[in-house]
Amino acid sequence: MSDPERLDPSRGVIARYAARLRELRAERGLTRAEVADQVFLSYSAIAKFESGERFPTEEVAQELDEVLGAGGSLFDLWDDIQESPDAKWAKRQFDYESRTVRFRQYTDSVPALLQTDDYLTTLLKAGLPEAGGNLEEKVRYRQRRRALLEGPEPPQFHGLITETALHWRIGDHRVMRDQLVHLLAAAEKPHIRLHILAFDHVPPPGGLMRLGRTTILTLRSGQSVVQRPGIARSFYITQPPEVAEYASLYDSLQAWALSREATTALIRKVIEEKYRA
């Protein structure tokens, strides 16, 4: 059986893993059958890994890395796709967030730390074909992160959210209504301050484009760190001058946002008009 056409790595995270697996096998001069024998799997399993049709378990991913002499690079790529507490990048993210005393987040969607179970499950499930990973592990990881705001001494959470988040429909009517009701309840908690950037009061596009989806974490030590989303995982900016620039952009955009009272009024209005019980 001949190999299928080479995958386009730009197609998604799973495709990049699959393409790299195929490349490494070819570089080592191994057939799929030979690789399959060494990891105690079938030829068809290796073929499906290389086509992106299936994704290996952690144990198999480690074995493939060893058999192909990747020195950990192939397993690191596998690890990038995971959103579970055991992934290396996830451990780093949770370490930063667990030491945070104040979050300042700009986003055009419902903040991950304020999502309901049904909403986040629907959102993560929709991303599985491209992002890959295990849905249950992804959900547990999001729940673990969300719990940081639910403890006896929670950090401050300041959210700067575009009105798009209230209208971007995830799931059915019930899922959206429950999410917005939850967001409304969160906005009324003393440690959570939410401000909506409304459609009819949009700031100049330059600031929005430069800031993008950004979270500024103020740690217990006093250090501030900027968290930015990447294709497969978040990356961090720690240099004080760059962090200060993001903080300045955030403050500039907040000046255009609705007050807390106007924000909760807008959320209630959207619930009443679009997601009435």
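On a predicted model such as this, the values are computed, not experimentally measured, just so you know. Because only heavy atoms are used, hydrogens play no part in the values below, and waters and symmetry mates are left out as well, while side chains stay in.
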What are the two closest heavy atoms between [X] and [Y], and how far apart are they?
X    : Y    : result
L41  : V60  : CD1-CG1, 3.7 Å
L124 : R142 : CD2-NH2, 3.6 Å
A70  : L24  : CB-CD1, 3.9 Å
T264 : E261 : OG1-O, 2.9 Å
F75  : D65  : N-OD2, 2.9 Å
F157 : P111 : CZ-CB, 3.7 Å

If you define the side chain from C-beta out and look only at heavy atoms, does anything of [X] sit under 4.5 Å from [Y]?
X    : Y    : answer
V39  : I46  : yes
I267 : T263 : yes
R102 : H158 : yes
R104 : T218 : yes
R260 : E188 : no
R174 : D118 : yes
V225 : I237 : no

**Report entry** V35 and Q38: CA distance, side-chain angles, deciding distance, side chain to side chain contact (heavy atoms under 4.5 Å, CB included) verdict
**Finding:** CA-CA 5 Å; V35 172; Q38 293 188 57; 5.7 Å; no
Gap separating the [atom1] atom of [X] from the [atom2] atom of [Y], nearest 0.5 angstrom:
X    : Y    : atom1 : atom2 : result
L68  : L21  : CG    : CG    : 6.0 Å
L123 : Q179 : CG    : CD    : 9.5 Å
L149 : F103 : CG    : CZ    : 6.0 Å
L148 : Q143 : CG    : CD    : 12.5 Å
T100 : L217 : OG1   : CG    : 4.0 Å
E136 : K138 : CD    : NZ    : 13.0 Å

Output yes when [X] and [Y] qualify as a salt bridge under the 4.0 Å nitrogen-oxygen rule, no when they do not.
X    : Y    : answer
D172 : R177 : no
E27  : R20  : yes
R25  : E50  : yes
E272 : R268 : no

Query raised in the report: Is the NZ or CZ atom of R228 positioned over Y236's six-membered ring, under 6.0 angstrom from the centre and within 45° of the axis?
Result: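 Pair R228/Y236 does not count as cation-pi.
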Query - Flag if over 12 foreign heavy atoms under 6.0 Å of NZ, K274 - result: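 Yes, the 6.0 Å shell around NZ holds more than 12 heavy atoms from other groups.
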Requested in this report: Might you confirm whether atom CD of E59 has over 12 heavy atoms from other residues, nucleotides or ligands at distances under 6.0 Å?
Outcome: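 Result for CD/E59: open.
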Query raised in the report: Are F199 and H167 an aromatic pair by the rule of ring centers under 6.0 Å?
Result: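 F199 vs H167: aromatic centres under 6.0 Å.
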Donor-acceptor contact present, side-chain [X] to main-chain [Y], <3.5 Å:
X    : Y    : value
S51  : K48  : yes
H195 : L258 : yes
R220 : S98  : yes
H201 : W256 : yes
R28  : G69  : yes
R145 : F94  : no

Path from [X] to [Y] over hydrophobic side-chain contacts below 4.5 Å:
X    : Y    : value
V110 : I192 : yes
V226 : F235 : yes
L197 : I161 : no
L266 : L253 : no
L249 : I196 : no

Requested in this report: Quick one: do Y106 and T162 satisfy side chain to side chain contact (heavy atoms under 4.5 Å, CB included)? Show the steps, please.
Outcome: CA-CA 8 Å; Y106 166 73; T162 66; 3.4 Å; yes
Report task. Show your reasoning for whether side chain to side chain donor-acceptor pair (under 3.5 Å) applies to Q93 and Y141. Result -> CA-CA 11 Å; Q93 181 180 47; Y141 177 60; 2.5 Å; yes
**Report entry** Which residues share a ring pair (Phe, Tyr, Trp, His ring centres under 6.0 Å) with H173, sequence neighbours left out
**Finding:**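 Partners of H173 under the ring pair (Phe, Tyr, Trp, His ring centres under 6.0 Å) test: Y275.
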Query raised in the report: When you look at L166 and L183, which way does the side chain to side chain contact (heavy atoms under 4.5 Å, CB included) test go after all the steps?
Result: CA-CA 10 Å; L166 307 182; L183 193 66; 3.9 Å; yes
Requested in this report: Apply side chain to side chain contact (heavy atoms under 4.5 Å, CB included) to the pair S109 and R213, showing each step before the final yes or no.
Outcome: CA-CA 9 Å; S109 59; R213 289 186 178 183; 3.7 Å; yes
